[in-house]
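Report on the structure given below.
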Amino acid sequence: MAATLPKNADVAGQFDLLADLLELDGEQQFRVLAYRRAADQIRSTPGPIAQLALDGEAKDLPGIGKTIESKIVQIVDSGEIEALTKRKERIPAGVADFLRLPALGPKTARRIWQELGVTTLDQLRQAAEAEQLRTLPGLGAKIEERILKALDEKPQEKRTLLAVALPAVLAVVEVLREHPASNEVSEAGSVRRRTETVRDLDIIATADDPGALTDYFASLSWVAEVEAKGKTKATVVSHDGLRFDLRVVPPDSYGNLLQHFTGSKEHNVALRENAVRRGLSVSEYGVKDVESGEVFTARKEEELYEHLGYEWIPPELREGRGELEAAKKGELPTLVDVSDVRGDLHMHSTWSSDAQDSIADMAAAAQARGYEYIAITDHAHYLRDGRFAAQTKEIAKLNEKLAPFRILRGIEVSIRTDGTLDFSDEELATCDWVMASLHSAFDRSPTERVQAAMEHPHVDCIGHLTARKLNRRGGTEIALDKVIEKALETGTFLEVNSQPDRLDLRDVHARAAGEAGVPLVISTDAHEVGALAFVELGVAQGRRAWLTKDHVINTRSWAEVQRSRRK
DNA sequence: GCCGTTTTCGGCCCGACTGTTTTCAGTCG
């Protein structure tokens, strides 16, 4: 067996590339689709897929059968899927890049390659500039134009953080609701599902006068550019670069449309596949009984799901990860809600030089949110040379004043490269709450360091496990299964960090931890009072992870948290 | 290639838009 297993992302990448090459080779589309689905499944699998394949358990996952499992084993054994190696010999590497360009699908890319001998993006640009593409039947000047435009654009724009997108969309929804022509207005798409980042921001509405509403939408003061505007649909770009899509739909099928435009694609495909087996064809306009031709429309999503035999599914779960099966049996979890949260166990004060507000201000803001307790968890390295004792005094003094509200004497320690903590055991022993986190040298044995920290008798919780920063760095390759195992063994909690660019654990990781029985903490890591509101993002992430109130330890009183601790 | 309260074989989501075409294939979400 290889010493280190290939990463899920790399395994998935090979299947996606194989799918691309098969498609270019004109293979059966359903084989291509099968590889793409397998790639998606592998990406959303929390543990190492390679180990599962070696153990013969990968084929238990949906969309992965014996053939794909054996191909994963090939990656472990020789580094690459054999079929991929073979296809690469036949198809020039650059041709697969054509598929990333708009308007170029497999059929067109293949023709450009085979009939014009174009095999790289540079050659493609030259061919488009020389107006050679239009010599192929079915291709014209427009295609050349679009290809050149796409090649000139920046490689890939960053995705918008949910923290930016969500308030922006909700504000627009509010404004549209106030317009006299509108009836129902809702956010849809990935924002409604609360995915950690989004590309476009979708809104759907019903209106007495659709044209009046789209006109109004396109004329709002923050709109910098109107990309498209018709009676029932408009796309605009705001001055800060956000792209909004508004669809105005008839009220009778509002439920169908809201469901359709909320997605995800995977959820909708699975929903429709299941419906097809029962002779029903589902579209955004209604559910058609194929035999009788009757069409069912729904004003509400609940009616639509009910008609198809499901209980209503919270948008956060609609990712094609087993929610339909659970909803059919009526076994969806009751997801944790922001109102369940009773305290915040990770935040900083001016004692950390990167934070902005005093302990007293943080406490007041937490009280205003209705919390019963907070933990002040300043970085250990700011609390040396008597500052730790001084801060403890300040907290005690505030507690006298604020009781029964409680400020916990917490701390956030860094896990050093050797797995030790950057604070003394004696002082940690006096803390109510200890978070341990990786803050540097992320590639140096992260799993072993986290495990070592969990073994420490005073560490209560591991903060932002993978240390990823959305749009900036991918996060460490931590063996989540080993971390979960150690968490269960030592009674250590795991954090869902609510910072907009962290949201770490990510959804599938938090779900795996929750299902394994590891208690989770949803905390903000706030560095200023306003950041306490990020709990909404953390809770959304928790909901995407199928977490209930019972999974989340800070939905309990502090006394209950203490009782449930094993160390 | 995967999968099964109609199937271990024969299916595999749905509709809109686009560009290039006189009826549609390919692409996209």
Integer angstrom distance from the C1' of B:dC12 to that of B:dG19: 29 Å

Residue from A:E323, A:E319, A:E196, A:E316 passing salt bridge (charged side-chain N to carboxylate O under 4.0 Å, His left out) with A:R544: A:E319

Centroid under 5.5 Å and tilt under 30°, A:F30 to B:dC12: yes

Sugar-phosphate, base or nothing in reach of A:V32, heavy atoms under 4.0 Å: nothing

Between C1' of B:dC13 and CZ of A:R277, the distance in whole Å: 11 Å

Gap in Å between the two C1' atoms, one belonging to B:dG26 and one to B:dT20, rounded: 11 Å

Between B:dT20 (C1') and A:K107 (NZ): distance, integer Å: 17 Å

Euclidean distance for P, B:dC17 against B:dG10 (whole angstrom): 37 Å

d(CD, A:E145; C1', B:dT20) in whole Å: 14 Å

Atom-to-atom span, CG of A:L280 to C1' of B:dT5 - whole angstrom: 15 Å

Touch class at under 4.0 angstrom, heavy-atom based, for A:L271 against every strand present: nothing

Atom P, compared across B:dG1 and B:dT7: separation rounded to whole Å: 25 Å

Sugar-phosphate, base or nothing in reach of A:A141, heavy atoms under 4.0 Å: sugar-phosphate

Separation between the P atoms of B:dT18 and B:dG11, rounded to whole Å: 34 Å

Protein-nucleotide distance (A:Q28, atom CD; B:dC2, atom P), rounded to Å: 13 Å

Rounded distance in Å - CD (A:Q29) to C1' (B:dG11): 12 Å

Nearest-Å distance once atom P is located in both B:dT21 and B:dC13: 30 Å

Whole-Å gap separating P (B:dC3) and CD1 (A:I64): 9 Å

Distance, rounded to the nearest Å, where A:L61 contributes CG and B:dC3 contributes P: 10 Å

Closest listed nucleotide, where the reference is the side chain of A:Y35 and the choices are B:dG1, B:dG26, B:dC14: B:dG1

Touch class at under 4.0 angstrom, heavy-atom based, for A:V269 against every strand present: base

Integer angstrom distance from the C1' of B:dG15 to that of B:dT22: 22 Å

